[in-house]
Amino acid sequence: MNIVLRIVVSCLLLFYSLASFAISAESIDGEKAYKKAIGMMNNNEHDGIAKLEEVVKDYPDYTKAFLTLGTVLTEKKKDYDKAVAYFKSGLALARIEGSSDTIPYYLDYSIALAGIGHFNEAVDAINQYDNNSTLSLKSKIDVDYKRNCYQFGVDYAKKHSEDTISINPINLGQSVNTKDAEYYPSVSLVDSNIIYFTRKLSNARENLYQVKALDDTTFSPAFNISDANLNRYDEKGAISITQDGEWLLFAANIPGKGYGGFDIYIAYKTPKGWSEPVNLGPNVNSPYWESSPTLTTDKHTLYFSSDRPSGYGGKDIYVSNFLGTQKGKLQWSSAENLGPTVNSVGDEWAPFIHADNKTLYFSSTGLPGYGSADIFVTHLKSDNQWTTPDNLGYPINTIDHEGSFFVIATGEKAYFASHRPGGYGSLDLYRANLKKQYRADLTFYVAGIVLSADSLQPIAAHVAIKNVQTTAVSTIQNDNTGKFVFALTEGNNYEVTITANNYLSETKNFDLTAKENKHNYDNYRVTMAPVQKLMPQEPLQATIDTVNMQGVVVSKDSNKPIVALVRIINLDNNRCIDSITTDSLGNFMYALPTNNKYSLNVSAPGFFYHNEIVDFNKADKQQPIIHDIITLESTESQKAFALKNIEFATNSAVLSHESDNSLNQLVGFLKDNPNIEIEIEGFTDNVGGEKSNRLLSLKRSQSIYHYLVEAGIESYRLKSVGYGSANPIASNDTPEGRQQNRRTEVKIIKE
C-alpha cells in the first residue's frame, strides 16, 4: 500500500474513533472487530473492506461500521449502490439511537447518492453536511461545487421528464476492457463491426488496438494493431479511423518528427499494412499539445483539441480545412478556434464529427454538468455557427469521468469511455442508445469503386455530391484504387457526378426522401467509358427409496391453473436438485429420495413466489405426498406477503444460514421482475420496550436488505423499516400468537 493510502486509512481510523455512538455490550465486541478491519486496510485494502462487511453482518447494531463501510466504498471503490445501502442503514440506526455525530458522513453519502442518479436526495445530503460549522473556506467551495452539480441533475431530470427512452450504458466486457484504461473508440462506415481504440498500459505506454463486434453484446478478443509503423512509438493515442476506413489519424509524440509535444499524425492503408505516420504540418500542429483528431466524411474538415495559449480555457477545440495535396502531402489551412459557444474556461477535447458532417460531440469540464468531465453535443447551422451545446444527460454522463464519444451512422448508438462503477479498471468502453434530441441525422453511405468500362480496372476519379434541395456540394477525390465512400442523410435528394480524365462522366441519383432508397449502398460499381471508345449502350413410480411428490399450481384470484417453475432444494446442502415446469393444467410430479428435508419453491411471472418445507423423514413411504393445491397470488391484486422460513437468533439481527433458501428465492423474484420496488418490514411481539423492539425489527429488516444488495439487487429498489410491535396479526397473549407476530413482510411499493 502506498504512503498516501496509509495516511488516508490512518485518518479514517482517527476520524471514526472520534465519532461517538451508543455502545451496547454487543457493540464492545463490534468495536474490537471494527478496529481490526481498519487496521487491516494498512496492509490490504480488499481484506480490510471484506472485514468491515463481516462486522456489519455480525454486529448489525454497530452504527459506526455501517457508516465507515459506506465511506470506504464511496471513496475507494466507487461502489455507490452498496455505499448508499450502508449509509441508509447506519443513519437510520443513528436516528433511533439519538446520535448527533453523523454530519461528517453526509458528504460521501451525497456523492454515493449522486453516483446512482438520486440527485434530489444528494442535494438534501450535501445541505446536511453544509450544516457543519467547522468547514474551511476551501471545503465550502467544494461543497458549493458539488451542490451545483447535483442541482444540475435535478433540473435536467425535470426538464426532460417526458423523455421515456431507456438508456442503460453497457460495458463492452472483458474481451475489450481491462484493468488498464481504454478510450477513443472509432468505427468506419464501411466496416462498422470493427472498433479501433487506444489502451494505456500500466507502464504508461499507449497502444492502438482493434476488436471485432460479433453481435451487440459479444466481441472477439481485442488485439494490438501489429503494424510496427503505428505501435512502435511509446507515446501515442487518440486514434480515429476515417469513415472510408482508408486513413488512420492519431496523436503521438514521435522524437524528431513533431513541432512540440503531442502532434497529430496520419497513416494510410496500403496492401502491406498501415504506412509510416506523417505529421499533418505546422498549420495543424504547434509547439503545444494537439490531440483527438476527427475528420468529416468527405475528409475536408479536421477537428481536434489543443492547449495552445490562444484559446478560451485550458484545452479548446479547433478546426482546419483541407486545401489539397502538394508533393504528396496533405495541405491544411491554419487552425481556427471554434469560439466561445463551444469552448469554455475549462477543458474541451475529444471532438467527434458525425457522418452527417454537422453534429459534433465532445467532452468538457467547463460547461454545466454533473461534475468531472461530461459529454456534450452541438450542431453546425446553415450560417456556419454552432448551437449552444447540450449535455447528454444521466446516465450517459455521471459524476465521474466520461469522454471520447463515437456515434454510428444511424445516430442511435454510441460508444464512449467512462470511469464509472462496475468497470474492469479505470476508463472502460461502453455502448448506449441516444435520446432522439441528441441524435445526428440518420445517415446512409455509398461505398463502391470506379472502373474503366473496357478493362474493368480501377481508375482515379472525382466525386461531387450535390444536395438538390440546398444546392450544397461536397467533393471527394479517390486514388488509383478507384474506391470511394460518401455519406447521405435521410430526407434529402442527391445528385452525384463522377468525372475522370479521358472518361465520359457519370451521374447517379440517390433520393433519400423515398422510403425504398433509405439503405446503405455497398459494393456500388460505377463503370466509365473512355471517350475514344464510346459504344451504343408418463407418471412416475415410487420405490422403497423414493416418495412421489405431486400437486397442482393455480391462481388464488381466478383458481385457474398456472404454468409455473417448481424448484426442489435439498436443505441438507441448500442445493437445487431439479427444476420442473408444470404442464398446461398446472400439474407436476417428482420422485424424491426419502430421509431428506426439502424446500419446495414455486414461481411464475406476474405472481408472488411460494415456498414451503417438505420433510420426507416423516412421510409414509407407501403413499405419495399430494399437494392438492398450491396457490400463487398475483402481484397486481396482492401488494404484500410474508417471508417464510426467515430465522434469527433470539434478540439478534444476524441471519441464520437456514434463511438463505427463502432469501435466494426473493432475489430470484426481484430479478425476474426488474421494475418492482419493495419495502422490507420488520415486526416483533410486544415483549420488551417499544424502542428496543423497533430497533430490533429495523436491524432485522436491514439484514435482509443488505443480503439482497450483496446478491445484486439495486439498492434504489429496496427500503427497510422496523415497526416493532405495531400491526400484530395475532394475539400477543399466547406463545403461538407472539411467534406469528415476530415476522418479516415484503410490500410492493412500485411496479
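A quick note: this is a predicted structure, and the numbers were derived from the prediction, not measured.
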Worked verdict on Glu402 versus Thr398 for side chain to side chain donor-acceptor pair (under 3.5 Å):
CA-CA 7 Å; Glu402 279 77 39; Thr398 68; 2.8 Å; yes

Using every non-hydrogen atom in the two residues, find where [X] and [Y] come nearest and quote the distance to one decimal.
X	Y	answer
Ile459	Ala500	CD1-CB, 4.3 Å
Gly369	Asp374	CA-OD2, 3.2 Å
His379	Thr359	ND1-OG1, 3.2 Å
Gly237	Leu208	CA-CD2, 4.3 Å
Asn171	Asp428	ND2-OD2, 3.0 Å
Ser292	Ala350	OG-N, 3.2 Å

Hey, are [X] and [Y] close enough for a salt bridge, meaning a charged N less than 4.0 Å from a carboxylate O?
X	Y	answer
Glu182	Arg199	yes
Arg232	Glu276	yes
Asp441	Lys358	yes
Asp244	Lys483	no
Glu495	Lys508	no
Glu45	Lys77	yes
Asp263	Lys257	no

Lys315 to Trp289, cation-pi by 6.0 Å centre distance and 45° axis angle
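Yes, a cation-pi geometry.
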
With no hydrogens and no angle check, is any side-chain donor or acceptor of [X] less than 3.5 Å from a backbone partner on [Y]?
X	Y	answer
Asn397	Ile375	yes
Ser305	Glu348	yes
Arg420	Pro395	yes
Asn279	Gly281	yes
Gln331	Lys329	yes
Ser452	Gln457	no
Thr378	Thr388	no
Ser186	Ile241	yes
Thr489	Thr443	no
Asp316	Gly311	no

Value rounded to 0.5 Å, distance of [atom1] in [X] from [atom2] in [Y]:
X	Y	atom1	atom2	value
Leu323	His300	CG	NE2	10.5 Å
Tyr361	Ser404	OH	OG	15.0 Å
Thr198	Leu427	OG1	CG	11.0 Å
Thr242	Leu295	OG1	CG	7.0 Å
Cys149	Tyr370	SG	OH	10.5 Å

Side chains of [X] and [Y] in contact at under 4.5 Å (non-hydrogen atoms):
X	Y	value
Val284	Phe304	yes
Lys299	Thr297	no
Arg431	Leu172	yes
Ile239	Ile225	yes
Ile498	Val450	yes
Pro277	Phe250	yes
Trp386	Leu338	yes
Val446	Leu488	yes

Have a look at Phe352 and tell me which of Phe405, Tyr415, Phe416, Phe406 forms a ring pair (Phe, Tyr, Trp, His ring centres under 6.0 Å) with it.
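For Phe352, the ring pair (Phe, Tyr, Trp, His ring centres under 6.0 Å) test succeeds with only one of Phe405, Tyr415, Phe416, Phe406, which is Phe406.
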
Of Phe444, Tyr494, Tyr524, the residue whose pairing with Phe510 passes ring pair (Phe, Tyr, Trp, His ring centres under 6.0 Å):
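Going through the options one by one, the only one that passes is Tyr524.
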
Any chance CD of Glu336 has more than 12 other-residue heavy atoms, nucleotides or ligands included, within less than 6.0 Å?
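At most 12 heavy atoms, drawn from other residues, nucleotides or ligands, come within 6.0 Å of this atom.
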
Start with the C-alpha gap between Asn207 and Lys236, add the side-chain angles, then the distance that decides, and say whether side chain to side chain donor-acceptor pair (under 3.5 Å) holds.
CA-CA 7 Å; Asn207 276 348; Lys236 59 191 176 302; 3.1 Å; yes

Test item: side-chain donor near acceptor, Tyr183 and Ser418, under 3.5 Å:
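No, no side-chain donor-acceptor contact under 3.5 Å.
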
For Asp215 and Thr218, does a side-chain donor sit closer than 3.5 Å to a side-chain acceptor?
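Yes - a donor-acceptor pair under 3.5 Å links their side chains.
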
Go through the steps to decide whether Asn467 and Asn493 satisfy the test side chain to side chain donor-acceptor pair (under 3.5 Å), and finish with yes or no.
CA-CA 6 Å; Asn467 186 320; Asn493 186 7; over 6 Å; no

Kindly indicate, with the supporting measurements, whether the criterion side-chain contact (heavy atoms from CB on, under 4.5 Å) is fulfilled by Asn343 and Asn337.
CA-CA 8 Å; Asn343 293 311; Asn337 191 293; 2.7 Å; yes

Just checking [X] against [Y], ring centres under 6.0 Å apart?
X	Y	result
Tyr268	Trp274	no
Phe197	Tyr184	no
Phe362	Trp349	no

Quickly, which of Val319, Leu380, Leu302, Thr296 forms a side-chain contact (heavy atoms from CB on, under 4.5 Å) with Ile353? Name it, please.
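Answer after filtering Val319, Leu380, Leu302, Thr296: Thr296.
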
I would like to know whether Asn285 and Ile264 meet side-chain contact (heavy atoms from CB on, under 4.5 Å); could you show each step before the answer?
CA-CA 7 Å; Asn285 296 311; Ile264 296 173; 3.8 Å; yes

Would you call the rings of Tyr156 and His160 parallel, tilted or perpendicular, where under 30° means parallel and over 60° means perpendicular?
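Judged by the thresholds at 30° and 60°, the geometry between Tyr156 and His160 is parallel.
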
With sequence neighbours excluded, give me every salt bridge (Lys or Arg N to Asp or Glu O under 4.0 Å) pair touching residues 512-525.
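Of all non-adjacent pairs touching residues 512-525, those that pass salt bridge (Lys or Arg N to Asp or Glu O under 4.0 Å) are Glu490-Lys518.
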
CA sep, side-chain torsions, deciding dist, call: Ser220, Ser175, side-chain contact (heavy atoms from CB on, under 4.5 Å):
CA-CA 6 Å; Ser220 67; Ser175 292; over 6 Å; no

Applying side chain to side chain donor-acceptor pair (under 3.5 Å), run through Tyr80 and Asp400 and close with a yes or a no.
CA-CA 11 Å; Tyr80 301 130; Asp400 294 303; 3.1 Å; yes

